[in-house]
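A note on names: the letters A, B, ... follow the listed sequences, proteins ahead of strands, and every chain is numbered from 1.
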Amino acid sequence: MPSPPCCARSACVCPVWPAACRWAANWNTSTAAPWPRPCGKDAKPSTESQETFMLDIQWLRNDLERVAKRLETRGYPFDPTRFQALEVERKEVQVRTQNLQSERNQLAKLIGQCKARGEDATAHLDRATGVNRQLSELEARLADLQQRLEALLLMLPNLPHESVPVGRDEQDNVELRRVGTPPVFDFPVRDHVDIGETLGLLDFKAASKLSGARFSVLKGGLARLHRALAQFMLDTHTREHGYTEAYVPYLVNAETLRGTGQLPRFEADLFKVPRGEQESHYLIPTAEVPLTNLVRDEILRETDLPLRLTAHTPCFRSEAGAYGKDVRGLIRQHQFDKVELVQIVHPDRSYEALEELTGHAERILQLLELPYRVIVLCTGDMGAGSSKTYDLEVWVPAQQTYREISSCSNCEAYQARRMQARFRNEAGRTELVHTLNGSGVAVGRALVAILENYQTASGAVRIPTVLRPYMGGEDLIGP
RNA sequence: GGAGAGGUGGCAGAGUGGUCGAAUGUACCUGACUCGAAAUCAGGCGUAGGUAUAUGCCUACCGUGGGUUCGAAUCCCACCCUCUCCGCCA
């Protein structure tokens, strides 16, 4: 039986942004995917008391040993016996609880009928009191059990895809390919800090006065180059790669961060913004957070997939675990700009989409003529939400090495499950979407790469050809 | 910042303690009628979870969380959000 779409295409009203479809059509010259147009009788906040886990709990119930083994490859210790014990108890208590609830409902109904007929209901009332006494105890036990199960499972990282190399840390990542050739200089190579400060366009002293360590002030041609980079990336992704540009909030609530997996585990990496009595906001650590959460609690039509979204935003990270790392320069800052790519796709297509998305990020580096390499992260080095991640690393001449400039991940249903982001499949059933994200690319680090790779003997910096239209035709930032 | 109104199924909109998971309209799906369509008629149409021979049965959900009660969409408390007016502001 064909699945009945739950609303007519023409009549469907997008509760996210009612005018969104028109926007996408009018503002985007590309073949951009439309905005989410949830067709939902059910497009309402998910508030089910049933907890939602990071992994499908059915995997654990049905295939515990294999899941445990795969988690081990990520260096995550998981105790199957403890889970098993909790699960057995949960099952027993839940069945008993629901049976009692059923009995209580029956009795309440009976009492109502008696009273309506003016009959005596004392006997039923007595029984109901007894049932409720048992029930309150059982319900408390069930809630406790489910909480403990959740606590156990909430920390689980995603399962790695079978194609991901098994390894402990970044040492075990695998290089897939190198593109471009690192430039050879016939003069002493300077690093981007040296270049920028000598030009008088990069000022860490001022930034430190304003804000402290790990901030920066860019001026003049350098500030413009930074802006040019972001513009160029956005234009490329919207015009050539089919993404819809979005402008999104930089402050988000806790629920949103739970959706993409930053909370509850990684609160220390975030900047929290209290606002009196009200719930705190957080500064986004990446546009992945607001972009991906656009489909939270939505049921999309299958024909809406894939959704391709991009945004240029600042990103804020407290980098709590990075003291002493990359203290010099623009590489590791509390605030940096990034153009982010997000795709919401059909589960059957997410690995194709990962290759495409990575290609979209690579395209930026190719057009900028920056040498880079692509590596696949091993099981031990991936982010918790990812099933497979490619990192793009750009050549940094002063360090004579490749440094990360983009990270492209397929999160499969990990985020979708937390967000309850679904689509209605052909059979008419709801199914979790797969989510992907990747930097396309980090603007600050791209700036570093250009300063260093395009430096000249005279201390100037040549401007990559594709950026010149964004720089008023200039081809050089010079002293 | 001040004042007020309100949050029920895709939409509209009933429901103020008892067969209400929720009337009715509309949209949508299937079937009948039709050469076909429209109209009309009949039926269907939320999400999540549990159980499992089951197209079966059960549980939860009317913004969120708590409370009262044998029984809550309905009563009480707190919170969140939206809208309107005034002020301020880019």
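- At the heavy-atom level, A:Arg90 lies under 4.0 Å from the strands shown only through sugar-phosphate atoms.
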Can you name the atoms? Protein N/O to nucleotides 71-78 of chain B N/O, anything below 3.5 Å, with the distance.
{"from": "B:G71", "atom 1": "OP1", "to": "A:Asn132", "atom 2": "ND2", "distance (Å)": "3.3"}

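- One P atom belongs to B:C45, the other to B:U30, and the distance between them is 15 Å to the nearest Å.
- Among the heavy atoms of the strands lying under 4.0 Å from A:Ser102 are primed sugar atoms or P, OP1, OP2 only; no base atom is included.
- Taking the six-membered ring where the residue is Trp, A:His237 and A:His241 present tilted rings, their angle falling between 30° and 60°.
- Side-chain contact between A:Gln262 and A:Asp269 is absent, with no heavy atoms from C-beta onward closer than 4.5 Å.
- Distance, A:Arg301 CZ to B:A27 C1': 13 Å, rounded to whole Å.
- Using atom P as the reference point in both B:A73 and B:G66, the two lie 15 Å apart (nearest Å).
- Look at the C1' atom in both B:C76 and B:U24: the space between them is 31 Å, to the nearest Å.
- Side chain of A:Arg445 to main chain of A:Ile331: a donor-acceptor pair is present (N/O by atom type, distance under 3.5 Å, no hydrogens or angles).
- One interatomic measurement links the two molecules: CD of A:Glu431 to C1' of B:U47, which rounds to 16 Å at whole-angstrom precision.
- For B:A22, there is no paired nucleotide, since no Watson-Crick or G-U wobble pair has both relevant distances below 3.5 Å.
- The interatomic distance linking A:Leu135 (CG) with B:U59 (P) rounds to 11 Å, in whole Å.
- Taking a pair to require two hydrogen-bonding distances under 3.5 Å in either a Watson-Crick or a G-U wobble arrangement, B:C41 pairs with B:G31.
- One finds a side-chain N or O of A:Thr430 lying less than 4.0 angstrom from the OP1 or OP2 phosphate oxygen of B:A48.
- Here the separation of B:C70 from B:G63, taken at their C1' atoms, is 28 Å to the nearest Å.
- A:Leu125 has its CG atom 7 Å from the P atom of B:C70, to the nearest Å.
- Heavy atoms of A:Gln101 sit under 4.0 angstrom from primed sugar atoms or phosphate atoms, though from no base atom.
- Nucleotide B:G65 has B:C77 as its partner under the Watson-Crick or G-U criteria, with both atom distances under 3.5 Å.
- A:Asn99 comes within contact range of no nucleotide atom at all, as no heavy-atom separation falls under 4.0 Å.
- With a cut-off of 3.5 Å on both Watson-Crick or G-U wobble distances, the partner of B:C88 is given as none.
- Pair assignment for B:U47: B:A60, on the basis of Watson-Crick or G-U wobble contacts that are both within less than 3.5 Å.
- Residues A:Tyr247 and A:His312 place their aromatic rings such that the two centres sit no closer than 6.0 Å.
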Would you list the atom pairs, donor with acceptor, under 3.5 Å between side chains in residues 200-211 of chain A and any protein atom, with sequence neighbours excluded?
{"from": "A:Asp203", "atom 1": "OD1", "to": "A:Lys205", "atom 2": "N", "distance (Å)": "3.1"}
{"from": "A:Asp203", "atom 1": "OD1", "to": "A:Ala206", "atom 2": "N", "distance (Å)": "2.9"}

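- Projected onto RNA chain B by closest heavy-atom contact, A:Lys109 and A:Glu87 fall at different nucleotides, the more 5' of which corresponds to A:Lys109.
- For A:Asn105, the side-chain atoms get nearest to B:A60 when compared with the rest of B:A60, B:G49, B:U19.
- In this structure, the nucleotide among B:A48, B:U59, B:C70 sitting nearest to the side chain of A:Gln98 is B:U59.
- Nucleotides B:U53 and B:U34 are separated by 45 Å at their C1' atoms, to the nearest Å.
- Checked by atom type, the side-chain pair A:His281/A:Asn253 shows no donor-acceptor distance below 3.5 Å.
- The CG-P distance, from A:Asn253 to B:U64, rounds to 16 Å in whole Å.
- For the pair A:Arg258 CZ and B:C80 C1', the computed distance is 13 Å after rounding to whole Å.
- Qualifying ring pair (Phe, Tyr, Trp, His ring centres under 6.0 Å) partners for A:His346, counting only residues two or more places apart in sequence or in other chains: A:Phe423.
- Applying the Watson-Crick and G-U wobble criteria (two distances, each under 3.5 Å), B:U53 pairs with nothing in any strand.
- Aromatic ring centroids of A:Tyr414 and A:His434 lie 6.0 Å or more apart.
- Within the 4.5 Å cutoff, no side-chain heavy atoms of A:Asn105 are placed close to those of A:Lys109.
- Separation of the C1' atoms belonging to B:G1 and B:G13 is 36 Å when rounded to the nearest angstrom.
- When rounded to the nearest whole Å, the span between CZ of A:Arg418 and P of B:A48 equals 18 Å.
- A:Lys91 comes within 4.0 angstrom of sugar-phosphate atoms only, judged by non-hydrogen atoms across all strands, and of no base.
- Checking A:Lys388 against A:Ser409 by side-chain atom types alone, no donor-acceptor pair falls below 3.5 Å.
- Atom P of B:G21 sits at a distance of 16 Å from the matching atom of B:C57, rounded to the whole Å.
- Distance CD (A:Glu103) to P (B:C58): 14 Å, rounded to an integer number of Å.
- Under 4.0 angstrom from either OP1 or OP2 of B:G49 there lies no side-chain N or O belonging to A:Arg61.
- Pairing partner, B:A5: B:U82, with both Watson-Crick or wobble hydrogen-bond distances short of 3.5 Å.
- Using C1' as the reference atom, B:U47 and B:A42 are 28 Å apart when rounded to the nearest Å.
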